[in-house]
2 protein chains.
Amino acid sequence: MSTLDETDVRILELLVADARRPYSDIAAEVDLSPPAVSARIDRLRESGVIRRFTVDLDRSQLRAGVPVLVTLALPADVVSEVREAVVAADAVEHAFVTAEGDVVFHARFRADAVREQLGRLVDLSLVDDYEVTVVSDAEWTPSLGGAEFALSCAECGNTVTSEGRSERFDGEQYHFCCPSCLAQFRERYEELEAGAG
Amino acid sequence: MSTLDETDVRILELLVADARRPYSDIAAEVDLSPPAVSARIDRLRESGVIRRFTVDLDRSQLRAGVPVLVTLALPADVVSEVREAVVAADAVEHAFVTAEGDVVFHARFRADAVREQLGRLVDLSLVDDYEVTVVSDAEWTPSLGGAEFALSCAECGNTVTSEGRSERFDGEQYHFCCPSCLAQFRERYEELEAGAG
DNA sequence: AATGAAAGGATTAAGCC
DNA sequence: GGCTTAATCCTTTCATT
């Protein structure tokens with residue numbers, strides 16, 4: 001397991017705050033040379049920790065439509081198909097799949113054609129039930145407090161060392177400091193999944 | 001209101017895809033010089049359309065906990081207070097307020113303390129009802145909504161939809177939500193011109 | 001908004017621990 | 001392996017038109 005050190009975490013924090021900050025600036029902050037920072041950032045990109053450099057936009061100023069939150073209740077066999085369609089849609093900004101198999105997404109629709117646009121995005125005949133609510137406020141909060149940023153055990157919160165284990169649950173990677181935390185997490189996760197609600 | 005033209009929108013799309021892309025690259029894409037691109041981006045930042053340059057991180061590799069989607073049903077008088085608390089919380093990544101006054105947020109909680117962490121984040125005595133579901137997949141897909149990009153009516157400020165009209169006055173393109181706004185704008189524009197000339 | 005010159009960053013390559 | 005320094009190359013900014 002390639003674990004992030006303190007310097008990686010500080011670099012990430014600086015990039016979250018301003019992704020166009022010069023590498024030479026960052027280098028000065030973390031007491032490294034610019035090439036060393038560049039190499040670390042390359043590694044963070046390759047390992048997938050950094051997905052992309054992007055901009056956070058105030059979409060309310062773009063007036064691209066009404067922001068809505070849509071919940072789709074779906075039969076299990078169409079979840080991934082619907083998820084794909086939703087994620088691919090231009091109007092969709094965030095999409096979540098819950099453990100129950102609901103697909104929840106945040107999108108912008110034209111006020112005069114919400115229903116029509118939804119229908120174009122998803123085959124509504126596949127959907128058991130759906131709900132659309134207008135969102136009056138949406139915020140993305142990428143800034144984080146330092147301690148929470150380190151690679152920590154999903155079960156107990158301790159720092160994960162090279163002795164740690166990783167395992168994938170529902171397509172997502174989790175990290176654990178020891179095998180017993182992994183075992184306990186697995187048990188609890190399955191409980192949570194079964195009894196959600 | 002200074003309205004965004006097509007070039008601004010294309011610049012934004014390019015930045016959303018890669019915020020560290022050289023301005024000279026962007027300039028070539030939109031047929032402008034690098035200084036012109038730089039000036040436009042400065043304007044977009046000052047006007048608040050661009051909130052910040054940042055990185056999209058795969059937080060599953062960084063932070064302890066299970067991703068959950070929480071819906072809080074709230075009395076109207078505590079919505080903004082709860083919203084503040086939720087947005088300020090470290091574990092919260094996205095927060096939405098619906099028109100009904102529900103607060104919906106996406107966060108990461110440690111598996112052994114979901115209820116406890118929720119309780120520390122929100123005063124549950126204020127909450128009418130709440131629901132926590134495990135999220136098995138979350139994706140952020142920033143886009144500008146493709147061709148339906150947002151323009152506001154130069155006359156009334158409303159969103160310009162496909163029913164809208166555009167017209168050039170003195171070499172500059174203006175957009176209108178409806179023919180009557182266009183007519184009114186033209187009348188006023190000509191008055192203004194006559195008075196000046 | 002373009003141009004060209006000057007300043008400022010990023011990246012490469014070679015060498016060190 | 002990961003770091004540094006120095007040189008090169010590229011990008012951005014500024015003054016001018």
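Numbers restart at 1 for each chain; the letters A, B, ... are given by sequence-line order, proteins then strands. Only heavy atoms go into these numbers, but all of them, side chains included; no hydrogens, no water, no symmetry mates. What you see is a predicted model; the values in this text were computed from it and never measured.
In this model, the phosphate group of D:dG2 is not approached by any side-chain N or O of A:Arg40 to a distance below 4.0 Å at OP1 or OP2.
Counting only heavy atoms from C-beta outward, the side chains of A:Ile50 and A:Ile41 approach each other to under 4.5 Å.
Here D:dG2 presents its P atom at 15 Å from CD1 of A:Ile41, a figure rounded to the nearest Å. Atom CG in B:Leu32 sits roughly 14 Å away from atom C1' in C:dT3 (whole-Å rounding).
Between B:His94 and B:His106, the ring planes lie parallel to each other; the angle is under 30°, not in the 30° to 60° tilted range. Ring geometry, B:Phe109 versus B:Phe105: the interplanar angle exceeds 60°, so the pair is classed perpendicular (tilted spans 30 to 60°).
A donor-acceptor pair under 3.5 Å links the side-chain atoms of B:Arg10 to the main chain of B:Glu29, judged by distance alone. B:Asp8 contributes a side-chain N or O that, together with a main-chain N or O of B:Asp5, makes up a donor-acceptor pair within less than 3.5 Å.
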Tabulate atom names and distances for all N/O pairs under 3.5 angstrom spanning the protein and nucleotides 12-14 of chain D.
| residue | atom | partner | partner atom | Å |
| --- | --- | --- | --- | --- |
| D:dT12 | OP1 | A:Arg20 | NH2 | 2.8 |
| D:dT12 | OP1 | B:Tyr23 | N | 3.1 |
| D:dT12 | OP2 | B:Tyr23 | N | 2.7 |
| D:dT12 | OP2 | B:Ser24 | N | 3.0 |
| D:dT13 | OP2 | B:Ser38 | OG | 2.7 |

